[in-house]
Amino acid sequence: MPLTLTARKDTASLPVYLASGDALEETGADARACAWARANGFQGAEGALLTIPGDDGALGGAFFGVGKAPFGLGKLARALPQGTWHFAVPPEDPDLAALALKLGSYAFTRYGKKPTPEISFAAPEGADLAAVERQAEGTFLARDLINTPANDMGPEALEEAARELAEKHGAEIRVTAGEALLAQSLPMIHAVGRAGAQAPRLIDLGWGAEAAPKVTLVGKGVCFDTGGLDIKPASGMLLMKKDMGGAANVLGLASMIMAEKLPVRLRVLIPAVENAIAGNAFRPGDILTSRKGVTVEVGNTDAEGRLVLADALALADEEAPELMIDMATLTGAARVALGPDLPPFYTHDEALAARLSEAAETVADPLWRMPLWQPYKDKLRSKVADTNNITSDGFAGSITAALFLERFVEKASAWAHFDIYGWNPNEKPVSPVGGEAQGIRAIERVLKERYGA
């Protein structure tokens, strides 16, 4: 069970002394505890933990080495023995410290992994516990969805997860599935997903007052990606359960927005499909007519995410939302450019870009703006259709994918595209190896600043 944060310190709570280097007397510990630490070679190295015996020989507290990493305290949630704890001296940023503890306690236990120890920790004075719990819940939802393998997280299960979230917050939900996608003019979602064992679908969640500013989130929900007929190698499929990471992240963000009760009219659109191989799979060279009427030559069936997003974006754009955000595990090129920890985002809105960059820095949720470089649109030219879904030279893959999506957005007042990875390849203080929420805390910060609550 994740760590429990409490508003008040329990009388039986044990102290954690935060040390930076060997200046142990500055931690608030008494002389005997400092002597114990030195006798045991504790020098305050980042992430190091040393427990301290009490007067009766039982556990009496702990030293923990803090470094410069903003979320370094997250390791405490997994390193401390089970029990009730508090900080002897409050950390400088109480919100960040409380969130680090909460996020660091995450474990994906659905398939038998042991949970983290049961720990109760008194939040530092001044921490906004409601905000911390809200952000942790959204993050954990995204992580859980991504970590669940495709045999248990296909389009049907992703729909069920959206329905559970809608029911929890009193949202409306509609789903268009199978052949109904054609009747509702969503042909590219149908084409990409029709070879899957479970019918492709568009999940459409709505929440908030009709008259409130329209904020629309669109998330790529490719529950598994074989690459289609342009099949991936076996090694390329190992992490493809995470190809619905965009959907997982927008659901996590929607959870935070609804829990905060932001005064917006929220819409969440998720094209949920499996890019599978069967006799009816779409083919390289096929020409698809999108919802917008734009014809798309399929240069590669492994560039399917942008196809399903294009139909969803076109639908969302028709009601001219004030702000539209899409999130997708879209390109390997983004990882080549910026690595797994720094998702790029694209927007023409200078004010929005500035707010996103500032928020990413403030809440330690990294993002980096990349350019919608218009001359690269020529790389998507087709000799037989309005556009191709890929380029021929392989250059600037993340940028050209964003430019492809841009073609389907006209009426939205502001739009931003996030090309996330959705996965931690290495353990961090606040996250194990596995599915990850990226950018949603920064986006939530921007939404709170923009719309207030």
What pair of heavy atoms forms the shortest contact from [X] to [Y], and how long is it?
{"X": "Tyr421", "Y": "Thr329", "result": "O-CG2, 3.5 Å"}
{"X": "Ile270", "Y": "Ala247", "result": "CG2-CB, 3.6 Å"}
{"X": "Leu181", "Y": "Pro200", "result": "CD1-O, 3.5 Å"}
{"X": "Ala127", "Y": "Ala98", "result": "CB-CB, 4.1 Å"}
{"X": "Ile189", "Y": "Pro271", "result": "CD1-CB, 3.8 Å"}
{"X": "Met244", "Y": "Cys223", "result": "CG-CA, 3.9 Å"}

Indicate whether the side chain of [X] and that of [Y] have a donor and an acceptor atom separated by less than 3.5 Å.
{"X": "Trp415", "Y": "Asp326", "result": "yes"}
{"X": "Thr226", "Y": "Asn275", "result": "no"}
{"X": "Tyr346", "Y": "Ser398", "result": "yes"}
{"X": "Tyr111", "Y": "Asp152", "result": "yes"}
{"X": "Glu406", "Y": "His348", "result": "yes"}

Do Glu322 and Tyr451 pass the side chain to side chain donor-acceptor pair (under 3.5 Å) test, and can you show the C-alpha distance, the side-chain angles, and the key distance before you say yes or no?
CA-CA 11 Å; Glu322 184 174 300; Tyr451 300 109; 2.9 Å; yes

Arg163 and Glu167: CA distance, side-chain angles, deciding distance, salt bridge (charged side-chain N to carboxylate O under 4.0 Å, His left out) verdict:
CA-CA 6 Å; Arg163 288 189 181 278; Glu167 183 178 1; over 6 Å; no

Dump the intermediate steps for salt bridge (charged side-chain N to carboxylate O under 4.0 Å, His left out) on Arg265 and Glu172, then the final yes or no.
CA-CA 12 Å; Arg265 176 60 183 174; Glu172 310 148 5; 3.2 Å; yes

Greater than 12 external heavy atoms within 6.0 Å of [X]'s [atom1]:
{"X": "Glu361", "atom1": "CD", "value": "no"}
{"X": "Glu92", "atom1": "CD", "value": "no"}
{"X": "Glu449", "atom1": "CD", "value": "yes"}

Stepwise side-chain contact (heavy atoms from CB on, under 4.5 Å) check, Lys241 with Trp423:
CA-CA 11 Å; Lys241 68 177 183 179; Trp423 190 263; 3.8 Å; yes

Salt bridge (charged side-chain N to carboxylate O under 4.0 Å, His left out) for Arg369 and Glu350? Distances and angles first, verdict last.
CA-CA 10 Å; Arg369 188 186 185 188; Glu350 296 297 329; 2.9 Å; yes

Phe408 vs Asp317, side-chain contact (heavy atoms from CB on, under 4.5 Å): CA-CA, chis, key distance, verdict
CA-CA 8 Å; Phe408 298 86; Asp317 191 59; over 6 Å; no

Between Ile325, Asn249, Leu251, which is the residue that forms a side chain to side chain contact (heavy atoms under 4.5 Å, CB included) with Ile440?
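The passing option is Asn249.
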
Going by an N to O cut-off under 4.0 Å, is there a salt bridge joining [X] and [Y]?
{"X": "Glu297", "Y": "Arg381", "answer": "no"}
{"X": "Lys292", "Y": "Asp311", "answer": "no"}
{"X": "Lys220", "Y": "Glu304", "answer": "yes"}
{"X": "Glu318", "Y": "Lys411", "answer": "no"}

Show, in sequence, the C-alpha distance, side-chain angles and deciding distance for Thr139 and Glu436, and conclude whether the side-chain contact (heavy atoms from CB on, under 4.5 Å) test is met.
CA-CA 7 Å; Thr139 299; Glu436 186 59 296; 4.0 Å; yes

Got a second to check how far [X]'s [atom1] is from [Y]'s [atom2], nearest 0.5 Å?
{"X": "Thr148", "Y": "Met153", "atom1": "OG1", "atom2": "CE", "value": "4.5 Å"}
{"X": "Leu202", "Y": "Arg291", "atom1": "CG", "atom2": "CZ", "value": "9.0 Å"}
{"X": "Asp243", "Y": "Glu274", "atom1": "CG", "atom2": "CD", "value": "11.0 Å"}
{"X": "Ser120", "Y": "Gln82", "atom1": "OG", "atom2": "CD", "value": "11.0 Å"}
{"X": "Ile420", "Y": "Thr331", "atom1": "CD1", "atom2": "OG1", "value": "11.5 Å"}
{"X": "Leu367", "Y": "Ser357", "atom1": "CG", "atom2": "OG", "value": "7.5 Å"}

Donor-acceptor pair, side chain of Glu159 and main chain of Val175, under 3.5 angstrom
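No: the side chain of Glu159 does not pair with the backbone of Val175.
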
Would you call [X] and [Y] a side-chain contact if the rule is heavy atoms closer than 4.5 Å?
{"X": "Arg134", "Y": "Glu444", "answer": "yes"}
{"X": "Lys448", "Y": "Glu260", "answer": "yes"}
{"X": "Asn389", "Y": "Phe404", "answer": "yes"}

Working for salt bridge (charged side-chain N to carboxylate O under 4.0 Å, His left out), residues Glu46 and Lys75
CA-CA 10 Å; Glu46 184 173 357; Lys75 190 174 179 181; over 6 Å; no

Can you label the angle between the Tyr376 ring and the Trp373 ring as parallel, tilted or perpendicular, going by 30° and 60°?
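Ring orientation, 0 to 90° scale: perpendicular.
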
Would you please classify the geometry between the Phe140 ring and the Tyr106 ring as parallel, tilted or perpendicular, with 30° and 60° separating the classes?
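It falls in the tilted class, 30° to 60°.
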
Step by step, work out the side-chain contact (heavy atoms from CB on, under 4.5 Å) result for Arg201 and Glu156.
CA-CA 9 Å; Arg201 64 206 62 210; Glu156 292 175 359; 3.5 Å; yes

